[in-house]
Trainee: 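Below you'll find the structure I mean.
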Amino acid sequence: MSIPHELNTAVSTAITAAQEAGDLPPFDLPPIIIERPRDPALGDYSCPIALRLAKAARMAPLKIAAAIAAHLPTLPYLGETAVAPPGFINFRLSEKYVQGLTDSILDAGMEYGRLHIGDGQKAQVECVSANPTGPITLGRTRGGVMGDTLARAMKAAGYHTELEYYYNDAGRQITMLGESVQIRYQQLLGQEAKLTDDHYQGAYIADLAQELYDQHGGDLINAPATTFGDYAKDKISAAQKISLARINITFDSYFNERSLYDSGKVWEALETMNQNGYVYKKDGASWFKTTIFGDDKDRVLVKSTGEPSYRMPDIAYHWDKAERGFDVVVDLFGPDHHATAPQVLMGVQALGYDTSFVHTVLHQIVSLIRDGRQVKMSTRRGTYVTLDELVDEVGADPIRYFMISRSGNSPVDFNLDLAVEKSDKNPVYYIQNAHVRCAGIFRKWAAAGLPADADKGADLSLLTHPNELAFLRKSLELSEVLEKMVTTAEPHHLAFYTYDLAAMFHPAYETCRVLHNDVDDETRHARLHFYRAAKQLFARVLDLMGMSAPETM
RNA sequence: GCCUCAGUAGCUCAAUGGAUAGAGCAACAGACUUCUAAUCUGUAGGUUGGGGGUUCGAUUCCCUCCUGGGGUACCA
């Protein structure tokens with residue numbers, strides 16, 4: 001159990017004990033909150049419960065705080081506990097405990113920060129879910145990085161987590177894809193054929209047509225559009241997987257939209273919604289009474305052509321998720337889906353399911369900045385920048401970092417110049433350089449012929465510099481950050497935390513040298529241990545973000 | 001019109017209803033015979049869009065107005 005949770009319990013028992021002793025009157029206990037004080041000088045943790053109890057207890061907050069503090073059980077890792085106006089109870093970790101965090105980090109290794117709040121629970125994160133009709137765009141990339149980062153955090157929190165990609169291999173978009181390739185193919189054969197505005201314009205369409213021509217010559221001239229569509233979607237989907245793998249996103253499962261038709265799930269869902277009284281016919285189409293759920297108008301489920309609208313299979317898909325029994329499902333949607341995401345959940349409710357297990361995470365757009373100016377992109381004209389192009393230009397690590405460097409509610413301005421800059425202005429570089437600096441110490445140590453395990457059994461009480469202690473205190477926060485990420489489904493907390501961690505590391509590196517002549521052997525060994533732990537911790541947090549931890553740069 | 005996101009330092013953004021609203025960039029002033037200065041130290045910078053309300057306490061919750069982005073298909 002993490003320290004905030006233990007403090008929570010401790011405060012709770014202290015209040016009960018104070019009440020039994022007659023130091024506090026009886027009252028209903030509101031939720032106890034343990035937080036980090038704004039000013040670290042006040043302590044490591046803080047509890048404002050006394051302020052909240054003032055009214056119910058009819059006592060001055062300061063007196064309540066004192067009564068609680070007097071009944072607190074002793075906890076091994078705590079130093080002093082103080083009561084401060086207007087009524088805070090402030091907790092401070094003992095220095096010995098903080099110094100010992102080096103061992104905690106090294107013992108836990110790549111499991112450091114592990115939580116148990118998700119133990120025994122099944123979770124799913126769904127993201128990207130682009131149609132296999134073109135390259136991965138930056139918007140989908142953002143959702144993918146956010147989703148993958150959340151999935152990593154959820155695994156660290158104990159959830160059995162799978163990352164899923166909903167593969168839209170049915171419907172109108174695939175039809176248009178097939179026709180687009182077919183038309184390009186016909187053009188290669190010198191036939192009169194033209195793309196309309198609804199077709200895909202990108203150069204990759206012509207490339208696919210050329211591939212088919214190279215393989216089959218003119219033999220496909222009478223083949224149906226589906227022949228071209230099936231070929232194109234398989235090729236494009238394979239390319240999408242490769243693109244995403246380049247930024248360390250690999251999916252545990254691909255869910256095919258087509259399977260929802262093959263299994264009859266789509267029509268079964270419609271029928272069930274109909275039986276539950278949520279569907280009616282109008283103008284030859286089947287409508288979903290979303291207004292029952294507060295929508296401003298009803299929505300079409302099946303078009304008058306008899307073809308389901310995109311909504312119908314999406315509902316069936318989420319119905320399937322509900323039946324698969326996940327305890328938590330996280331769905332990531334870009335700004336173009338902000339309106340439709342709630343409609344899908346309404347559908348699941350119309351099917352008789354509680355949808356509170358689904359967390360929809362929305363994010364805003366990504367724009368590229370080059371030379372201080374926004375890069376113009378247009379999906380229609382096919383002049384958008386793809387994930388592959390971005391990886392080619394800046395590499396995977398900056399993409400992973402910058403895509404979670406803002407709250408999903410804020411747009412991301414991806415600065416191409418900054419992303420590759422080798423200086424402290426570039427947060428990616430700044431963070432990774434902390435790991436590099438640690439690695440440098442061990443390289444130098446080995447080059448000097450010193451024993452690799454010299455820090456074994458080192459006297460950790462020599463780690464007394466405020467910069468060292470501040471870094472170690474920060475290291476303890478990882479599990480709290482992971483918990484916040486999981487409970488709020490907000491991955492940006494990890495990006496900020498990691499930056500802060502680096503900002504606490506570099507001052508320690510400047511002030512607490514290892515190999516300098518004026519450092520005595522005892523201190524030298526303790527510090528070597530400190531940097532061993534620091535290196536391990538940066539490897540850990542970088543891994544949680546899907547980034548590399550380089551030895552040199 | 002309706003839905004949604006945003007409005008916080010010059011700029012880009014943080015801040016589970018708590019203490020003096022924080023970082024980075026930009027600006028200014030300093031620090032290298034260095035385990036790579038690929039960094040550090042310091043200064044300055046605020047009516048949290050306006051106005052109400054709830055609360056012991058509001059950037060945070062509620063109402064209202066203003067401004068900007070996105071969405072508002074029998075496309076996905």
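Remember, predicted model here, so these are calculated numbers, not experimental data. Lettering follows sequence order; numbering is per chain, from 1.
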Trainee: Under a 4.0 Å threshold between the charged nitrogen and the carboxylate oxygen, would A:Arg370 count as salt-bridged to A:Asp417?
Mentor: no

Trainee: If I take atom CG in residue A:Asp296 and atom P in nucleotide B:U4, what distance separates them, rounded to the nearest angstrom?
Mentor: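 Those two atoms, CG and P, are 10 Å apart.
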
Trainee: Within the 4.5 Å heavy-atom criterion, are A:Arg299 and A:Lys289 side-chain neighbours or not?
Mentor: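 No, too far: nothing below the 4.5 Å cut-off.
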
Trainee: Please work out if A:Asp295 contacts a base, only the sugar-phosphate, or nothing of the nucleic acid, heavy-atom cut-off 4.0 Å.
Mentor: nothing

Trainee: Side chain of A:Asn433: nearest nucleotide among B:U12, B:U41, B:U39?
Mentor: B:U39

Trainee: Would you check if the distance from the ring center of A:Tyr167 to the ring center of A:Phe255 is below 6.0 Å?
Mentor: no

Trainee: Can you tell me the base-pairing partner of B:A6? Count Watson-Crick or G-U wobble geometry only, both distances below 3.5 Å, and say none if there is no partner.
Mentor: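 B:U67 - that is the nucleotide pairing with B:A6, both distances being under 3.5 Å.
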
Trainee: Below the 4.0 Å mark, does B:A14 have OP1 or OP2 next to a side-chain nitrogen or oxygen of A:Ser410?
Mentor: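 Looking at the OP1 and OP2 atoms of B:A14, one of them is under 4.0 Å from a side-chain N or O of A:Ser410.
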
Trainee: Of the listed nucleotides (B:C74, B:U39, B:C2), which one gets closest to any side-chain atom of A:Ser304?
Mentor: B:C74

Trainee: Using a 4.0 Å heavy-atom cut-off across all strands, classify A:Glu35 as base, sugar-phosphate, or nothing.
Mentor: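 It contacts base atoms.
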
Trainee: Identify whether any heavy atom of A:His493 sits under 4.0 Å from a base atom; if not, whether one sits that close to sugar-phosphate; answer base, sugar-phosphate or nothing.
Mentor: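 It contacts sugar-phosphate atoms only.
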
Trainee: Is B:U48 paired to anything, Watson-Crick or G-U wobble with both distances less than 3.5 Å, and if yes, which nucleotide?
Mentor: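 Paired with no nucleotide.
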
Trainee: Over 60° means perpendicular and under 30° means parallel, so classify the ring planes of A:Phe496 and A:His492, tilted if in between.
Mentor: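 Perpendicular.
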
Trainee: Side chain of A:Ile441, heavy atoms from C-beta onward: which of B:U39, B:G71, B:C35 has the nearest atom to it?
Mentor: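 When the side chain of A:Ile441 is considered, B:C35 is the closest of B:U39, B:G71, B:C35.
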
Trainee: Categorize A:Thr487 for me: base, sugar-phosphate, or nothing, with a 4.0 angstrom heavy-atom threshold over every strand shown.
Mentor: nothing

Trainee: For A:Cys512, answer base if it contacts any base atom (sugar-phosphate contacts may also be present), sugar-phosphate if it contacts only those atoms, and nothing otherwise; contact means non-hydrogen atoms under 4.0 Å.
Mentor: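 A:Cys512: base contact, heavy atoms under 4.0 Å.
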
Trainee: Among B:C74, B:C75, B:C13, find the nucleotide with the atom closest to the side chain of A:Val300.
Mentor: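 Selected nucleotide: B:C74.
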
Trainee: Between B:U59, B:C35, B:A76, which one does the side chain of A:Lys444 approach most closely?
Mentor: B:C35

Trainee: Mind checking A:Phe496 for me? I need base, sugar-phosphate or nothing, with any heavy atom below 4.0 Å counting as a touch.
Mentor: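 Since only primed, P, OP1 and OP2 atoms lie under 4.0 Å of A:Phe496, the category is sugar-phosphate.
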
Trainee: Under 3.5 Å for both donor-acceptor distances, Watson-Crick or wobble: does B:U33 have a partner, and if so which one?
Mentor: none

Trainee: Could you work out the separation of B:A21 and B:C25 based on their P atoms and round it to a whole Å?
Mentor: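 Rounded to whole Å, the distance is 22 Å.
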
Trainee: Atom CD of A:Glu510 to atom P of B:G42: distance rounded to whole Å?
Mentor: 13 Å

Trainee: Under 4.0 Å, heavy atoms only, any strand: does A:Arg437 hit a base, just the sugar-phosphate, or nothing?
Mentor: sugar-phosphate

Trainee: Could you check which of B:A14, B:A19, B:G69 has an atom nearest any side-chain atom of A:Gln364?
Mentor: B:G69

Trainee: State whether A:Asn168 places a side-chain N or O below 4.0 Å from either non-bridging phosphate oxygen (OP1 or OP2) of B:A76.
Mentor: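 Result: no.
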
Trainee: Is the phosphate of B:A26, meaning OP1 or OP2, less than 4.0 Å from a side-chain N or O of A:Lys425?
Mentor: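 Yes.
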
Trainee: Roughly how many Å apart are B:U16 and B:U12, using the C1' atom of each and rounding to a whole number?
Mentor: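 Nearest-Å result for B:U12 against B:U16 at atom C1': 24 Å.
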
Trainee: Does this structure show an ion pair linking A:Asp521 with A:Arg524, if we count only N-O contacts that are shorter than 4.0 Å?
Mentor: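 Salt bridge present between A:Asp521 and A:Arg524.
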
Trainee: In plain terms, say whether A:Arg527 and A:Glu522 are close enough for a salt bridge, that is, a side-chain N and a carboxylate O under 4.0 Å apart.
Mentor: no

Trainee: For the base of B:G24 and the side-chain ring of A:Tyr499, does the geometry meet a stacking cutoff of under 5.5 Å between centres and under 30° between planes?
Mentor: no

Trainee: Between A:Asp44 and A:Lys474, is the closest basic N to carboxylate O distance under 4.0 Å?
Mentor: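 A salt bridge is absent here (no side-chain N lies under 4.0 Å from a carboxylate O).
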
Trainee: Does B:A23 have a Watson-Crick or wobble partner in any strand here, with both distances under 3.5 angstrom, and which is it?
Mentor: B:U12

Trainee: For A:Thr340, answer base if it contacts any base atom (sugar-phosphate contacts may also be present), sugar-phosphate if it contacts only those atoms, and nothing otherwise; contact means non-hydrogen atoms under 4.0 Å.
Mentor: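 Counting heavy atoms under 4.0 Å across all strands, the contact made by A:Thr340 includes a base.
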
Trainee: Which one, B:U39, B:A19, B:U16, comes nearest to the side chain of A:Ile33?
Mentor: B:U16

Trainee: Determine, for A:Glu551 against A:Lys535, whether the closest basic-nitrogen to carboxylate-oxygen distance falls under 4.0 angstrom.
Mentor: yes

Trainee: When all nucleic acid strands are considered with a 4.0 Å heavy-atom cut-off, which category describes A:Ala339: base, sugar-phosphate, or nothing?
Mentor: sugar-phosphate

Trainee: Nearest to the A:Asp413 side chain among B:G17, B:U36, B:U12, which nucleotide is it?
Mentor: B:U12

Trainee: For B:U72, what is the paired nucleotide under Watson-Crick or G-U wobble rules, both distances under 3.5 Å?
Mentor: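 B:U72 is paired, partner B:G1.
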
Trainee: Look at A:Lys55 and B:G57 and indicate whether a side-chain polar atom (N or O) is within less than 4.0 Å of OP1 or OP2.
Mentor: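 Checking A:Lys55 against B:G57: no side-chain N or O falls below 4.0 Å of OP1 or OP2.
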
Trainee: Which part of the nucleic acid, if any, lies within reach of A:Asn426 when heavy atoms closer than 4.0 Å are counted: base, sugar-phosphate only, or nothing?
Mentor: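 No contact.
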
Trainee: How far, in whole Å, is B:C65 from B:A27 if one measures between their C1' atoms?
Mentor: 36 Å

Trainee: Output the rounded distance in Å from NE2 (A:His516) to C1' (B:U33).
Mentor: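 After rounding, the reported distance stands at 11 Å.
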
Trainee: Between B:C13, B:U39, B:C74, which nucleotide gets closest to the side-chain atoms of A:Lys303?
Mentor: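 Out of B:C13, B:U39, B:C74, the nucleotide with an atom closest to A:Lys303's side chain is B:C74.
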
Trainee: Closest approach to the side chain of A:Lys297, judged atom by atom: which nucleotide of B:G18, B:U72, B:C74 is it?
Mentor: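 In terms of side-chain proximity for A:Lys297, the closest of B:G18, B:U72, B:C74 is B:U72.
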
Trainee: So, A:Arg172 and A:Glu307, do they make that salt bridge, N to O below 4.0 Å?
Mentor: no

Trainee: Report yes if at least one side-chain N or O of A:Arg299 is closer than 4.0 Å to OP1 or OP2 of B:A76; otherwise report no.
Mentor: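 No, A:Arg299 has no side-chain N/O under 4.0 Å of OP1/OP2 on B:A76.
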
Trainee: Across the strands shown, which category fits A:Pro37 at heavy-atom distances under 4.0 angstrom: base, sugar-phosphate, nothing?
Mentor: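 Base, at least one base heavy atom under 4.0 Å.
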
Trainee: At 4.0 Å (heavy atoms only), tell me whether A:Val302 reaches a base, stays on the sugar-phosphate, or touches nothing.
Mentor: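 The residue A:Val302 makes no contact with any strand.
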
Trainee: Would you say A:His492 reaches B:A23's phosphate, i.e. side-chain N/O to OP1/OP2 under 4.0 Å?
Mentor: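 No, A:His492 has no side-chain N/O under 4.0 Å of OP1/OP2 on B:A23.
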
Trainee: Whole angstrom is fine here: how far is it from CG in A:Asn517 over to C1' in B:U33?
Mentor: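 Spelled out: CG on A:Asn517 to C1' on B:U33 is 13 Å.
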
Trainee: Start at the 5' end of RNA chain B and walk down; is the nucleotide closest to A:Ile365 or to A:Ala508 reached first?
Mentor: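 Looking at RNA chain B, the more 5' nearest nucleotide goes with A:Ala508.
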
Trainee: Name the residue closer to the 5' end of RNA chain B, choosing between A:Thr305 and A:Tyr531 according to the nucleotide with the nearest heavy atom.
Mentor: A:Tyr531

Trainee: So, is A:Tyr430 near the phosphate of B:C40, with a side-chain N or O under 4.0 Å from OP1 or OP2?
Mentor: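 The answer is yes; a side-chain N or O of A:Tyr430 sits under 4.0 Å from OP1 or OP2.
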
Trainee: Looking for any heavy atom pair under 4.0 Å, which part of the strands does A:Leu53 touch: base, sugar-phosphate only, or nothing?
Mentor: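 Nothing: the residue A:Leu53, judged by heavy atoms under 4.0 Å, touches no strand.
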
Trainee: So, is A:Lys282 near the phosphate of B:C74, with a side-chain N or O under 4.0 Å from OP1 or OP2?
Mentor: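 Negative; the distance criterion is not met.
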
Trainee: Indicate whether OP1 or OP2 belonging to B:A76 is found under 4.0 Å from a side-chain N or O atom of A:Arg172.
Mentor: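 A:Arg172 to B:A76 OP1/OP2: no side-chain N or O under 4.0 Å.
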
